[in-house]
Protein chains: 2
Amino acid sequence: MQATTQSLIESGQVTDPESPRGRLLAQAAHLFKTKGYERTTVRDLAAAVGIQSGSIFHHFRTKEDILFAIMAETIHTITARMKAAVEAAHSPRDKVRALIRCELESIHGETSEAMTVLVYEWRSLSEARQAEILKMRDEYEQLWLGTLESARQSGQLDVNVPVLRRFLTGALSWTVFWYKPGGDMSLDDLADQALKLAIK
Amino acid sequence: MQATTQSLIESGQVTDPESPRGRLLAQAAHLFKTKGYERTTVRDLAAAVGIQSGSIFHHFRTKEDILFAIMAETIHTITARMKAAVEAAHSPRDKVRALIRCELESIHGETSEAMTVLVYEWRSLSEARQAEILKMRDEYEQLWLGTLESARQSGQLDVNVPVLRRFLTGALSWTVFWYKPGGDMSLDDLADQALKLAIK
DNA sequence: TTACAAACCAAGCGCTTGCTTGGTATCGTT
DNA sequence: AACGATACCAAGCAAGCGCTTGGTTTGTAA
């Protein structure tokens, strides 16, 4: 586990994955990703964790609360990770590569399943909670937009920055459905290919 | 309506949108896109068309059959359209632009809702039917890959072609969640921005 | 005018869903 | 030893789900 993740657990923003609640969230992320939120029943989830379906509601008030918790915790995790990655890089080009590499890491690393749920189960939340999540994502998106804008001003890009970010959101998220880590192509190779989309 | 669409109707590959079955498919595409397949009930769909829920099953054997029909018909439509678009363009660069422009047209034109369902409700099908759809998509994907490969050989691209196609699949599909036709940016502008991702 | 198929209704069946309830086992702390 | 908090079970309820059934209306063509 990363040091950043550890401090998020201690600050209470992220649930310890060893705790009963944490195991529930992990299994829920797995099921929501593979079967989809609606097709996953509380009985499926309970069986995966090894408890009765009713016992789930000792930890969460509703099934939607579970989805919301997955999303909220994932945002905290990836934002902290992204901040560190962008700060560690220096040239505009390196910073852009760090954005891409870090997002791919979130999509294919240990947060993989939760990340997929965050992106593709969006519509399963009530509108009010969609708005909450959108607000939480803001800091993360500002990291992207600010970094891309600096790269543009230094002459590395000649495209519309918000449009580029949205293209990259789609392109990188979609990799979860076709890219398999551990094959011929490493995550670094993939990041290099993606960097070519953005920078000439 | 396009001439291509007309001939598809006459050949029986696509349902006439004026027929009861066609209206059902159109409303289903609308609901499946906005609410998602699982969250749309046969009662919702029946109410949208103005019939009783049981009457749906005079036209389709199961709810899944409706989803499958939407996807299959959409593939026929967009493949015919794409063939025509690629043939009409001549230089490698124009052909790549035609691919992008035509896919954006499918995503934001009259097939918009069905197209979104095709891309994002994939997992709602049984595995057997996922395989059927995959096979139907093959011709469409070969159009993409063949054209991109020609562009690469003529020196317009210097990336891995299958990877580029997948990045573009994600980037272009995702536009459905943020791009609104009729605003500042035209579909042609959007296509130009997307072309910059592929070609330096 | 009759015949027939396509399109639809009214009613409801069997099952699954998210969630509730009332009670119990297992802890560390006092 | 007693306590309260945490984590859980066993049973089941009310609502909603996809789909079926038997019968009726509507359009079309002989």
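Below, all heavy atoms of this structure are taken into account, side chains as well, without hydrogens, waters or symmetry copies. Convention: sequence-line order gives letters A, B, ...; per-chain numbering from 1.
Residues forming a salt bridge (charged side-chain N to carboxylate O under 4.0 Å, His left out) with B/R43 (at least two apart in sequence, or on another chain): none. Under the side-chain hydrogen bond (donor to acceptor under 3.5 Å, both in side chains) criterion, A/T34 pairs with no residue at all, not counting sequence neighbours. Partners of A/S106 according to the side-chain hydrogen bond (donor to acceptor under 3.5 Å, both in side chains) rule, which considers only residues two or more places apart in sequence or in another chain, are A/R81. Considering only residues two or more places apart in sequence or on other chains, B/D138 meets the side chain to side chain contact (heavy atoms under 4.5 Å, CB included) condition with B/Q142. Applying the side-chain hydrogen bond (donor to acceptor under 3.5 Å, both in side chains) criterion to A/T147, with sequence neighbours excluded, gives no partner residue. Under the rule for a side-chain hydrogen bond (donor to acceptor under 3.5 Å, both in side chains), the partners of B/E38 that lie at least two apart in sequence or sit in another chain are A/R39.
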Could you pull out the protein-nucleic contacts involving nucleotides 19-22 of chain D (nitrogen or oxygen on both sides, under 3.5 Å)?
residue : atom : partner : partner atom : Å
D/dC19  : OP2  : B/K63   : N            : 2.6
D/dC19  : N4   : B/S53   : OG           : 3.4

Give me the distances for all protein-to-nucleotides 24-29 of chain D N/O pairs that come in under 3.5 Å?
none

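In this entry the distance linking CZ of B/F60 with C1' of C/dA6 reads 15 Å, nearest Å. A/I51 places its CD1 atom 14 Å from the C1' atom of C/dC19, with the value rounded to the nearest Å. Residue A/D44 contributes atom CG, which lies 13 Å from atom C1' of C/dG18 at whole-angstrom precision. As a whole-Å value, the separation of B/E18 CD from C/dA7 C1' is 17 Å. Atom NE2 in B/H59 sits about 9 Å away from atom P in C/dC9, given to the nearest Å. For B/E38 and C/dT17, the CD to P distance is 11 Å, given to the nearest whole Å. Rounded to whole Å, the distance from CZ on A/R39 to P on C/dG18 is 13 Å.
Checked for salt-bridge contact, A/E149 and A/R152 meet the test: a charged N lies under 4.0 Å from a carboxylate O. Ion pairing between a basic and an acidic side chain is recognised when a charged N comes within 4.0 Å of a carboxylate O; A/D94 and A/R101 show no such pairing.
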Can you list, pair by pair, the side-chain donor-acceptor contacts under 3.5 Å of residues 47-58 of chain B, counting residues two or more places apart and other chains?
none

For residues 170-178 of chain A, tabulate all N or O donor-acceptor pairs below 3.5 Å that involve a side-chain atom, not counting sequence neighbours.
residue : atom : partner : partner atom : Å
A/S173  : OG   : A/T169  : O            : 2.5
A/T175  : OG1  : A/H108  : NE2          : 2.9
A/T175  : OG1  : A/L172  : O            : 2.5

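The list of side chain to side chain donor-acceptor pair (under 3.5 Å) pairs with a residue in residues 22-31 of chain A, not counting sequence neighbours, reads A/H30-A/E113.
Put simply, B/Q52 has a side-chain N or O that comes within less than 4.0 Å of OP1 or OP2 on C/dA10. Between B/H58 and C/dC8, a side-chain N or O to OP1/OP2 separation shorter than 4.0 Å is absent.
Against DNA chain C, the stretch residues 19-36 of chain A makes no heavy-atom approach under 4.0 Å.
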